[in-house]
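One structure below.
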Amino acid sequence: MSDTATTAITLVPGELSLDTLRAIYRGRPALTLDPAAYPRMARSRAVIDAIAGGDEAVYGVNTGFGKLAHTHIAAADLEKLQRNLILSHATGVGAPLSDAVVRLILVIKAASLAVGASGVRPELVDALLTLHRADVLPMIPSKGSVGASGDLAPLAHLCGILLGIGHARVEGKTVTAEEGLRIAGLPIFDLKAKEGLALINGTQVSTGLALAGLFEIERDFKAALVAGALSVEAVMGSHRPFDARISALRGQPGQIAVAGLFRDTLAGSPLNAAHQGPDCHRVQDPYSLRCQPQVMGAVLDQMRQAARTLVIEANGVTDNPLVLVDTGEVLSGGNFHAEPVAMAADQLAIAASEIGALSERRIAMLIDTTISGLPPFLVAEPGLNSGFMIAHVTAAALASENKTYAHPASIDSLPTSANQEDHVSMATFAARRLGDIAGNVADIVGIELLAAIQGLEFHRPLKTSDRLERAIATVRAVVPRYEVDRYFAPDLAAIGALVRGGALDELMPVDLEGAQ
């Protein structure tokens with residue numbers, strides 16, 4: 001991840017693309033807000049100011065919150081009400097969210113408010129973007145949201161910094177909120193009517209976490225396609241299952257795309273050519289090889305659908321109540337309920353777990369000489385050397401762990417706020433666990449990369465396709481061949497880091513905004 005701003009992006013509220021969101025997560029682009037957003041925000045704020053100066057009770061403006069919505073708050077206490085809201089709702093626990101995730105949350109929160117349907121002053125939106133620009137990142141505990149009535153607790157920690165509350169990270173160091181504001185060149189803010197509620201209502205934390213999970217899984221997916229192709233070559237597997245006519249007869253878009261990637265990746269392999277013909281004994285390979293277009297294609301379809309949902313959510317307005325500037329109305333609803341995010345995260349959890357499950361099965365095949373035809377456990381002098389025996393055990397442990405992580409979170413609900421919020425999405429946990437799943441998958445796929453390359457090298461001097469030879473060179477630049485037993489943990493750490501770092505991304509041009 002880049003530590004410096006290298007590109008400039010103009011944020012147009014409601015028009016954030018997946019590429020823009022990925023760039024914000026992966027680096028620190030210089031962000032400016034589209035000037036056209038300011039007049040609409042000002043009009044939205046004027047509606048709230050008019051209500052705050054009147055006698056009509058409007059939820060979130062001059063009333064209490066949640067179960068206390070029927071309590072009218074005097075005009076003189078409206079600013080105190082908003083400050084109390086932030087203080088009382090900043091109840092998160094657990095390790096802080098990563099800097100990359102916080103950057104993403106800051107931006108999508110600002111972009112949502114900038115639509116002009118939340119009633120906040122434009123200077124608050126500018127302040128959030130200034131924090132991003134200065135890389136002053138509010139410390140947000142990772143736990144404490146059920147993903148309904150918005151991500152209240154984590155967003156209170158995110159926005160509490162504007163009030164001088166809490167802590168921030170600056171260049172890897174923890175500072176007080178007041179010091180963070182000073183570094184960013186911002187004053188301590190006094191919140192006006194509805195502003196505190198607008199800041200902490202919304203699904204930006206669960207959405208940011210889910211997007212981060214998507215972007216990590218995207219890298220796992222690409223690396224797994226490379227590993228899967230290498231495994232085909234290592235066991236001299238058949239290329240016939242990737243024939244375009246097979247996938248065309250089924251019609252699933254992800255399968256068609258993945259089969260095409262395998263054909264492109266394996267094209268021109270001298271190793272494959274060497275074992276074709278009447279003497280080739282590969283009639284039907286194990287499912288983990290020949291069903292890769294079907295399984296990984298289904299994964300791609302799920303990733304694309306989740307990406308579509310999350311881009312819509314990142315562009316949406318999800319606080320409550322909402323200000324309709326064209327009519328002057330303020331409407332209470334339930335856009336803060338994060339069920340779409342929870343279900344998208346569940347899709348991703350299942351899909352990512354299947355990436356790891358399929359990869360683990362290929363590792364098991366590679367080390368089993370009765371199936372692969374390779375030396376037992378992929379090492380010379382097996383018996384004296386154990387080779388990849390326990391590396392496979394590690395992969396199996398991680399794949400099994402992911403089965404528990406992948407249990408759907410969206411089907412759970414635990415009522416809160418004295419049963420006012422009687423059905424919740426659990427989206428924040430659903431999204432947060434994606435980081436653990438993606439990390440496990442990266443390590444599993446990393447082990448397969450080492451195993452498949454190890455196996456393929458037993459066929460030297462024969463070479464595989466140009467694309468796969470580039471993959472081998474990339475891996476061998478960080479992990480040497482396993483000749484005899486050695487301390488293996490550093491190798492696994494290095495290959496896992498290579499997958500997470502996206503070193504193989506360019507070899508697999510996958511479009512997440514393709515056919516839905």
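For reference, positions follow the sequence shown, starting with 1.
- Between the R432 side chain and the S142 main chain, a donor and an acceptor come within less than 3.5 Å of each other.
- Between R304 and D511, no side-chain nitrogen of the basic residue sits less than 4.0 Å from a carboxylate oxygen of the acidic one, so the salt-bridge criterion is not met.
- No more than 12 heavy-atom neighbours from other residues, nucleotides or ligands sit within 6.0 angstrom of CD on E381.
- In this structure, L209 and T428 have side chains that are in contact, with non-hydrogen atoms separated by less than 4.5 Å.
- One finds a salt bridge joining E457 and R481 here, because a Lys/Arg side-chain nitrogen approaches an Asp/Glu carboxylate oxygen to under 4.0 Å.
- At distances below 3.5 Å, not a single donor-acceptor pair connects side-chain atoms of H392 with backbone N or O atoms of I367.
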(request) Assess whether salt bridge (charged side-chain N to carboxylate O under 4.0 Å, His left out) is satisfied between D151 and K109, documenting all intermediate values. (result) CA-CA 11 Å; D151 291 313; K109 184 66 198 182; over 6 Å; no

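- A donor-acceptor pair shorter than 3.5 Å can be found between the side chains of R467 and T265.
- The two residues P141 and P154 come nearest to each other via the heavy atoms O-CB, 4.4 Å.
- Few gaps surround CZ on R460; more than 12 heavy atoms of other groups in view lie less than 6.0 Å from it.
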(request) Go through the steps to decide whether R40 and D326 satisfy the test side-chain contact (heavy atoms from CB on, under 4.5 Å), and finish with yes or no. (result) CA-CA 10 Å; R40 191 170 183 88; D326 295 333; 4.1 Å; yes

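- R362 and Q292 form a side-chain donor-acceptor contact under 3.5 Å, judged by distance and modelled atom types alone.
- For the atom pair CD1 (I437) and CG (D220), the distance works out to 10.5 Å, reported to the nearest 0.5 Å.
- Considering every non-hydrogen atom in both G208 and L104, the closest pair reads O-CD2, 3.6 Å.
- Inspection of the N335 and T318 side chains reveals no N or O donor paired with an N or O acceptor under 3.5 Å.
- To the nearest 0.5 Å, the span separating CG on N272 from NE2 on H239 amounts to 3.5 Å.
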(request) Determine, step by step, whether T10 and D34 satisfy the side chain to side chain donor-acceptor pair (under 3.5 Å) criterion, reporting the C-alpha distance in whole Å, the side-chain angles of both residues, the deciding distance to 0.1 Å, and the verdict. (result) CA-CA 6 Å; T10 298; D34 181 12; over 6 Å; no

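- Looking at R361, its side chain never comes within 3.5 Å of a backbone N or O of A364 through a donor-acceptor pair.
- Using a 4.5 Å heavy-atom cutoff, the side chains of V379 and L384 are not in contact.
- Here the shortest heavy-atom pairing between G202 and F336 reads N-CB, 4.3 Å.
- Defined by atom type and a distance below 3.5 Å, a donor-acceptor pair is missing between the side-chain atoms of N320 and N201.
- Side-chain atoms of S247 and Q252 include no donor-acceptor pair closer than 3.5 Å.
- Checked for salt-bridge contact, K222 and E506 miss the test: no charged N lies under 4.0 Å from a carboxylate O.
- Side-chain contact between D491 and R486: present, with at least one pair of heavy atoms (C-beta onward) separated by less than 4.5 Å.
- The two residues D436 and N402 have their closest heavy-atom pair at O-OD1, 4.4 Å.
- Side chains of S269 and S465: a donor-acceptor N/O pair is absent below 3.5 angstrom, by distance only.
- F388 has its ring centre no less than 6.0 Å from the ring centre of F377.
- No side-chain heavy atom of H407 sits less than 4.5 Å from a side-chain heavy atom of T404.
- At least one side-chain heavy atom of L18 sits under 4.5 Å from a side-chain heavy atom of R22.
- Under 4.0 Å is where a charged nitrogen must lie from a carboxylate oxygen, and between E233 and K463 no such pair does.
- Between the side chain of R290 and the main chain of P241, no donor-acceptor pair closer than 3.5 Å is present.
- Rounding to the nearest 0.5 Å places CG of L16 at 6.5 Å from CD1 of I24.
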(message) Show, in sequence, the C-alpha distance, side-chain angles and deciding distance for L434 and F215, and conclude whether the side-chain contact (heavy atoms from CB on, under 4.5 Å) test is met.
(response) CA-CA 10 Å; L434 294 177; F215 298 142; over 6 Å; no

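- Between S410 and M343 the shortest heavy-atom distance is OG-CG, 3.9 Å.
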(message) Run E448 and I495 through side-chain contact (heavy atoms from CB on, under 4.5 Å) and show every step you take.
(response) CA-CA 10 Å; E448 185 191 356; I495 194 65; over 6 Å; no

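- With values rounded to the nearest 0.5 angstrom, D319 atom CG is found 3.5 Å from S118 atom OG.
- Distance CG/D485 to CG/N385: 4.0 Å, rounded to 0.5 Å.
- Residues M365 and P286 share a closest heavy-atom pair of SD-CG, 4.1 Å.
- Counting non-hydrogen atoms of other residues, nucleotides and ligands closer than 6.0 Å to CG of D466 gives a total of 12 or fewer.
- Summarising the local packing, CZ of F458 is surrounded by more than 12 heavy atoms from other residues, nucleotides or ligands at distances under 6.0 Å.
- Checked by atom type and distance alone, the side chain of S112 pairs as donor or acceptor with a backbone atom of G316 at under 3.5 Å.
- Interatomic distance, I105 CD1 to L97 CG, rounded to the nearest 0.5 Å: 5.0 Å.
- A donor-acceptor pair shorter than 3.5 Å cannot be found between the side chains of T203 and S206.
- With respect to the salt-bridge test (charged N to carboxylate O, under 4.0 angstrom), the residues R433 and D346 qualify.
- Remark: the D368 side chain and the T370 side chain contain an N/O donor-acceptor pair separated by less than 3.5 Å.
- Looking at heavy atoms from C-beta onward, F488 lies out of side-chain contact with T394 at the 4.5 angstrom threshold.
- Side chains of I444 and I447 form no contact here, defined as non-hydrogen atoms less than 4.5 Å apart.
- Side-chain contact between E469 and I472: present, with at least one pair of heavy atoms (C-beta onward) separated by less than 4.5 Å.
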(request) Quick one: do Y287 and L358 satisfy side-chain contact (heavy atoms from CB on, under 4.5 Å)? Show the steps, please. (result) CA-CA 9 Å; Y287 287 5; L358 197 65; over 6 Å; no

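- Ion pair R26/D19 not flagged as a salt bridge, since none of the NZ, NE, NH1 or NH2 atoms sits closer than 4.0 Å to an Asp/Glu carboxylate oxygen.
- There is no side-chain donor-acceptor pair under 3.5 Å between E339 and H423.
- A donor-acceptor pair under 3.5 Å is absent between the side-chain atoms of E360 and the main chain of A396, judged by distance alone.
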(request) Starting from the C-alpha separation in whole Å, work towards a yes-or-no answer on salt bridge (charged side-chain N to carboxylate O under 4.0 Å, His left out) for D135 and R103. (result) CA-CA 8 Å; D135 211 32; R103 290 188 188 104; 2.8 Å; yes

